[in-house]
Amino acid sequence: MGDIDNLFEEFEDTSEINRRFLKLLHKHLPDSIIKIITDNGITLTLEEPIELTNSNIYSNTKTYSNTKTYSIKLPSFKSTLFYTLPPFFDTEDGRIFARHLIELCKDSFLNQDKVSDLQQLIKTQKDQLKRQVSVFKTKYEEILMENHRHNMEYTSRLNSEIDKRTSELQKANRDLIVAREKAESASIAKSEFLANMSHEIRTPMNGVIGMADLLLQTPLATNQRNYAESIKYSGDALIEIINDILDYSKIEAGKLDIEIIDFDLKKITGNISDIMNIQAVNKGLEYACIIKEDVPCLIKGDPGRLRQILLNLCGNAVKFTETGKVALNIYRVEEKYENEVSEQEVSESEQAVSESEQAVSESEQAASESEQAASESEQDASEKNSSDKAVIRFEIKDTGIGIPTNRMNRMFRSFSQVDASMTRKYGGTGLGLAISRQLTALMGGAIGVESEEGKGSTFWFELPFEKQPHISSQEQAEKLKETSKDPLKKIDTERLKKIKILVAEDNVVNQKVLVSILSYAGINNVSIAKNGEEAVEKFIATPFDLILMDGQMPVMTGLEATRKIREYEQEKGMGRIPIIAITAHAMHEDRDVFMESGMDDYITKPINRQKLINSISMFTGCI
């Protein structure tokens with residue numbers, strides 16, 4: 001078999017090609033007799049005459065007899081061409097010319113046919129390209145539509161998801177607002193509850209402690225004195241628990257203020273030692289307080305909070321120690337809280353120092369530079385000692401029960417002790433260490449513990465203090481002597497006995513306590529008002545030198561009564577009578593409320609007798 005092209009050529013009909021070629025020959029050989037016989041035996045002649053133009057050199061078509069017929073094999077057309085020439089043209093040159101002309105016509109026809117085929121092919125390809133472009137365009141439009149549909153669906157899903165998430169966020173935000181409001185309400189409720197409970201407990205405790213204190217001032221038998229001291233001790237312990245709870249609540253609420261005042265560290269530790277010595281002796285323990293020589297004692301800070309931390313830690317040490325001793329060691333440490341540096345800086349500094357030392361050792365002037373460095377070091381140490389700031393470390397060591405390693409992390413948590421059985425055996429709320437930790441942080445220090453079970457513990461804390469301005473030894477001695485004096489000795493007792501006081505208090509027991517405290521100071525001209533309204537009436541009716549005003553009373557509160565008294569003074573152009581709040585409200589904000597109402601001082605229950613007498617003396621000009 002031949003190839004595919006030859007296979008199709010066998011069945012190809014060339015008659016139409018030969019007819020077209022025959023027409024082309026008649027244009028150029030018009031006077032010739034021409035016919036074509038195909039390989040299939042089909043004879044083809046020009047059926048219609050050729051119309052010639054006037055410009056054609058062969059203007060007439062004639063038939064000649066006795067002419068010779070010539071033939072040319074045309075393989076390209078699968079046929080044979082037979083033709084005759086006019087007599088005048090049937091010469092050797094004419095025959096050559098005719099043959100060349102036929103060849104030229106054949107080549108021209110084939111070229112034209114190729115061109116036609118190419119044109120047709122191009123047209124076909126163009127049509128195919130158009131169809132493909134149309135298909136691609138349709139596909140592209142379909143893709144665009146599909147993409148648009150997907151985009152719309154995605155946008156719709158995205159918007160739906162955004163709306164859903166927005167709705168969830170809005171709901172979460174509303175829930176957070178509700179939770180915050182609930183938390184704020186709970187905080188307010190807790191504060192109000194603590195304030196009310198403090199008031200309700202402090203009011204009767206003022207009677208208990210006050211009466212026990214007054215009872216101890218009277219002649220008593222030994223058993224009676226022991227009983228009265230037990231009552232007062234229990235009352236003081238209960239007040240300490242209440243104070244701890246209130247302090248913790250204030251710290252949580254961020255309402256605890258730290259004072260910066262002058263005080264003597266030796267006086268604070270001396271008071272602590274007096275208290276701890278009594279407790280230690282009762283348990284058969286030794287108690288010692290050692291202050292290193294380089295510790296500045298005249299410093300600035302909050303002595304009350306320092307005393308509170310020391311009482312908590314020293315009290316715990318005595319409480320949890322059955323045999324042995326408790327020691328309070330106080331010394332000065334590096335001032336790291338004012339100028340803290342990172343570990344990297346320390347490392348770089350140490351490296352620099354090491355390199356510097358190496359360079360110095362290799363230098364010829366090592367000796368002189370070393371002496372200079374020593375001199376500078378001594379100068380720095382001197383400047384440090386003379387600095388206006390100092391970090392003091394307090395260590396409370398005991399030989400008590402110690403703390404297991406796995407319980408160390410619970411030591412400074414709220415309402416937590418090492419073991420639940422500790423509460424039953426030793427008592428306490430578990431707030432002391434938590435409050436100490438928070439107070440230490442508020443004062444810019446740190447606190448920690450080192451312990452081994454069965455071998456005792458060492459609780460420590462470090463606090464930065466400002467040193468008081470330098471004074472001479474004689475001035476320091478005079479200052480210490482002045483601060484150690486009993487404030488009662490400064491009071492003009494004769495003048496104090498002549499003043500007239502109005503006590504506004506609804507609780508009968510507290511009335512008796514106040515009257516007894518005033519009587520102890522020599523003040524016997526005292527009137528009682530059972531509520532605020534009665535206090536205002538008595539103030540208007542009778543002149544007094546000072547009013548002791550309870551905050552919470554029936555009919556009219558002490559706050560309302562104070563405002564009415566101040567309004568009455570302004571209307572009448574009277575002088576301002578001193579009003580001292582005597583209240584069981586001991587929260588931080590309570591003082592501001594009482595002072596804003598027009599009161600001059602604020603004393604919480606249970607009443608400190610000395611503080612009350614000092615305040616009365618100051619406002620009545622008896623100091």
Side-chain angles (χ1 to χ4, degrees), residues 202-203 206-207 209-211 213-214 217 486-570 572 574-586 590-591 594-595 597-623:
R202 284 175 182 275
T203 298
N206 182 56
I209 296 174
M211 287 298 183
D213 190 42
L214 293 171
Q217 305 302 320
D486 185 357
L488 285 175
K489 295 181 181 179
K490 299 179 182 180
I491 298 173
D492 186 346
T493 55
E494 293 301 321
R495 185 175 179 181
L496 188 65
K497 294 177 181 179
K498 298 176 183 178
I499 67 173
K500 188 175 184 180
I501 293 180
L502 173 62
V503 175
E505 170 65 65
D506 62 307
N507 186 281
V508 177
V509 176
N510 286 330
Q511 291 174 5
K512 293 179 180 179
V513 171
L514 284 170
V515 171
S516 299
I517 291 174
L518 295 175
S519 177
Y520 175 80
I523 304 172
N524 295 309
N525 196 353
V526 179
S527 295
I528 303 294
K530 298 178 181 178
N531 54 62
E533 186 176 77
E534 188 176 334
V536 174
E537 292 174 354
K538 289 193 174 186
F539 162 75
I540 294 173
T542 306
F544 291 97
D545 296 301
L546 183 138
I547 300 175
L548 299 180
M549 184 78 74
D550 184 27
Q552 189 170 342
M553 293 183 291
V555 183
M556 181 185 291
T557 66
L559 296 172
E560 294 172 327
T562 300
R563 294 189 188 100
K564 288 190 176 295
I565 289 172
R566 297 306 182 205
E567 291 172 2
Y568 183 82
E569 289 174 340
Q570 289 182 356
K572 301 298 182 180
M574 299 171 56
R576 181 185 177 97
I577 184 172
I579 302 178
I580 300 174
I582 304 295
T583 178
H585 292 286
D590 292 333
R591 179 183 180 86
F594 280 93
M595 301 304 286
S597 71
M599 296 188 183
D600 300 287
D601 200 1
Y602 172 89
I603 296 177
T604 59
K605 298 175 181 177
I607 298 169
N608 183 296
R609 182 178 60 187
Q610 182 174 317
K611 184 177 180 180
L612 176 61
I613 298 303
N614 287 344
S615 181
I616 293 173
S617 301
M618 182 179 66
F619 284 105
T620 56
C622 296
I623 293 181

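Predicted model, so just to flag it, every value in this text is computed and none were measured.
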Supply the atom-to-atom distance [X] [atom1] to [Y] [atom2], rounded to the nearest 0.5 angstrom.
| X | Y | atom1 | atom2 | answer |
| --- | --- | --- | --- | --- |
| Gln552 | Leu559 | CD | CG | 9.5 Å |
| Met599 | Ile580 | CE | CD1 | 10.5 Å |
| Ser617 | Ile499 | OG | CD1 | 7.0 Å |
| Met549 | Leu502 | CE | CG | 7.0 Å |
| Arg576 | Ile565 | CZ | CD1 | 11.0 Å |

Are more than 12 heavy atoms from other residues, nucleotides or ligands located less than 6.0 Å from atom NZ of Lys530? no
One thing to verify: whether Lys498 and Asp545 come together as a salt bridge, which I'm taking to mean a side-chain N less than 4.0 angstrom from a carboxylate O. no
Would you call Lys564 and Glu567 a salt bridge, using N to O less than 4.0 angstrom? no
Locate the shortest heavy-atom distance separating [X] from [Y]; write the atom from each residue and the value.
| X | Y | answer |
| --- | --- | --- |
| Ile607 | Ile603 | CG2-CG2, 4.4 Å |
| Gly598 | Thr562 | C-CG2, 3.7 Å |
| Asp601 | Ser615 | OD2-OG, 2.6 Å |
| Ala521 | Ile613 | CB-CD1, 3.4 Å |
| Glu533 | Asn531 | N-OD1, 3.1 Å |
| Gly551 | Thr557 | O-CB, 3.5 Å |

Residues forming a side chain to side chain donor-acceptor pair (under 3.5 Å) with Ser597, sequence neighbours excluded: none
Side chain to side chain donor-acceptor pair (under 3.5 Å) with Asn608: which residues, sequence neighbours excluded? none
[X] side-chain N/O to [Y] backbone N/O, donor-acceptor pair under 3.5 Å:
| X | Y | value |
| --- | --- | --- |
| Lys500 | Ser527 | no |
| Ser519 | Val515 | no |
| Gln511 | Glu505 | yes |

Quick one, Arg563 with Glu560, criterion salt bridge (charged side-chain N to carboxylate O under 4.0 Å, His left out). Give me CA distance, side-chain angles, the key distance, then yes/no. CA-CA 5 Å; Arg563 294 189 188 100; Glu560 294 172 327; 5.9 Å; no
Tell me, with the steps shown, if Phe544 and Ile501 meet side-chain contact (heavy atoms from CB on, under 4.5 Å). CA-CA 6 Å; Phe544 291 97; Ile501 293 180; 5.8 Å; no
Please assess Ile616 against Leu518 for the test side-chain contact (heavy atoms from CB on, under 4.5 Å), listing each intermediate value before the final yes or no. CA-CA 10 Å; Ile616 293 173; Leu518 295 175; 3.5 Å; yes
[Y] side chain reached by [X] side chain, heavy atoms, under 4.5 Å:
| X | Y | value |
| --- | --- | --- |
| Asn510 | Asp550 | no |
| Ile547 | Ile579 | yes |
| Leu612 | Leu514 | yes |
| Val503 | Ile582 | no |
| Met556 | Glu534 | no |

My understanding is that only one of Asn614, Asp600, Ile577 makes a side-chain contact (heavy atoms from CB on, under 4.5 Å) with Phe619; could you say which? Asp600
Phe539 and Tyr568 aromatic ring geometry - parallel, tilted or perpendicular at 30°/60° bounds: perpendicular
